[in-house]
Amino acid sequence: NSIGPDILIQTQDPKNEASFYVEHLGFEITDEMPHLVSLHGKHVNLFIERGPARGPVLEVTVDSVEGAKLRLVKNGCEIIKDEPEFPRCYVKDPFGLIYNLKR
């Protein structure tokens, strides 16, 4: 498993939050849609999406998303968003960290 360079943040005002990261942390807006603003930095990419604030969502690559989901839920994790067609699967672990499982 590996943690990727992408971090998703959800907020009610993606454009306003993106401007903070551009102005104060040197990110650059690389794509902008009504519901999503993409920013790329040297080592980390931020994706700011309109939605309920959950805190940052890290991206974790696994060999099998389905296998990881079963194993994680058995060990105290909670699936908080599962959209296989996107694909997107957010898992909240027992320590409060949220990550998207991807293959």
Side-chain angles (χ1 to χ4, degrees):
N1 296 346
S2 65
I3 295 177
D6 298 341
I7 298 173
L8 177 95
I9 301 167
Q10 291 182 303
T11 181
Q12 293 305 312
D13 190 354
K15 201 168 189 170
N16 183 52
E17 191 160 330
S19 68
F20 175 87
Y21 294 108
V22 169
E23 185 176 333
H24 300 291
L25 295 175
F27 281 86
E28 177 184 338
I29 293 177
T30 55
D31 193 20
E32 194 170 342
M33 296 181 274
H35 67 287
L36 179 73
V37 179
S38 302
L39 303 109
H40 287 78
K42 247 184 174 175
H43 304 288
V44 173
N45 303 315
L46 292 177
F47 298 92
I48 305 172
E49 179 180 53
R50 185 175 320 282
R54 291 188 168 99
V57 178
L58 304 179
E59 192 162 79
V60 177
T61 302
V62 295
D63 290 335
S64 164
V65 172
E66 290 303 316
K69 283 177 8 183
L70 291 171
R71 184 174 59 254
L72 291 166
V73 168
K74 269 184 164 176
N75 287 282
C77 292
E78 174 187 0
I79 306 296
I80 58 173
K81 183 180 255 192
D82 195 2
E83 300 173 333
E85 67 283 352
F86 192 70
R88 177 173 14 206
C89 179
Y90 291 174
V91 176
K92 183 176 182 181
D93 69 23
F95 313 104
L97 186 61
I98 299 172
Y99 35 90
N100 180 40
L101 299 175
K102 76 174 218 170
R103 188 164 197 290

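As the structure is a computational prediction, the values presented were derived from the model and not from experiment.
- Screening Thr30, Leu25, Val22 for a side chain to side chain contact (heavy atoms under 4.5 Å, CB included) involving Leu39 leaves a single residue, Val22.
- Side-chain contact check for Ser38 versus Asn45: every heavy-atom pair is 4.5 Å or farther apart.
- Here Leu58 contributes atom CG and Ile7 contributes atom CD1; the two are 5.5 Å apart, rounded to the nearest 0.5 Å.
- Residues Val37 and Tyr21 have side chains not in contact (no heavy-atom distance under 4.5 Å, counting atoms from C-beta outward).
- Around NZ of Lys69, the count of heavy atoms belonging to other residues, nucleotides or ligands within 6.0 Å exceeds 12.
- Interatomic distance, CZ of Arg54 versus CD1 of Ile98, reported as 6.5 Å (0.5 Å rounding).
- Atom CD of Gln10 sits about 11.5 Å away from atom CD1 of Ile48, to the nearest 0.5 Å.
- Interatomic distance, Arg103 CZ to Cys89 SG, rounded to the nearest 0.5 Å: 14.5 Å.
- A 4.5 Å side-chain heavy-atom check between Val57 and Lys81 finds every atom pair outside the cut-off.
- A distance of 5.0 Å separates CD1 in Ile9 from CG in Leu46, rounded to the nearest 0.5 Å.
- Phe47 has its side chain within reach of His40: a pair of non-hydrogen atoms, C-beta onward, lies under 4.5 Å apart.
- No side-chain heavy atom of Leu97 sits less than 4.5 Å from a side-chain heavy atom of Phe95.
- Clustering ILVMFWY residues whenever any of their side-chain heavy atoms sit less than 4.5 angstrom apart, transitively, puts Ile79 in the very cluster that holds Leu101.
- Here the closest heavy-atom approach between residue Tyr99 and residue Cys77 is recorded as OH-SG, 4.1 Å.
- Rounded to the nearest 0.5 angstrom, Lys15 NZ and Ile29 CD1 are separated by 7.5 Å.
- Smallest separation of non-hydrogen atoms from Pro5 and His43: CB-O, 3.6 Å.
- Listed by first and then second residue, the salt bridge (charged side-chain N to carboxylate O under 4.0 Å, His left out) pairs that reach into residues 83-99 are Glu49-Arg88, Glu83-Arg88, sequence neighbours excluded.
- No continuous path of hydrophobic side-chain contacts links Tyr90 to Val73 [ILVMFWY only; heavy atoms under 4.5 Å].
- Looking at heavy atoms from C-beta onward, Asn100 lies out of side-chain contact with Leu8 at the 4.5 angstrom threshold.
- When the side chains of ILVMFWY residues are joined at heavy-atom separations under 4.5 Å, either directly or via intervening members, Leu72 and Val60 end up in a single hydrophobic cluster.
- In this structure, the side chain of Gln12 engages the main chain of Gly51 through a donor-acceptor pair within 3.5 Å.
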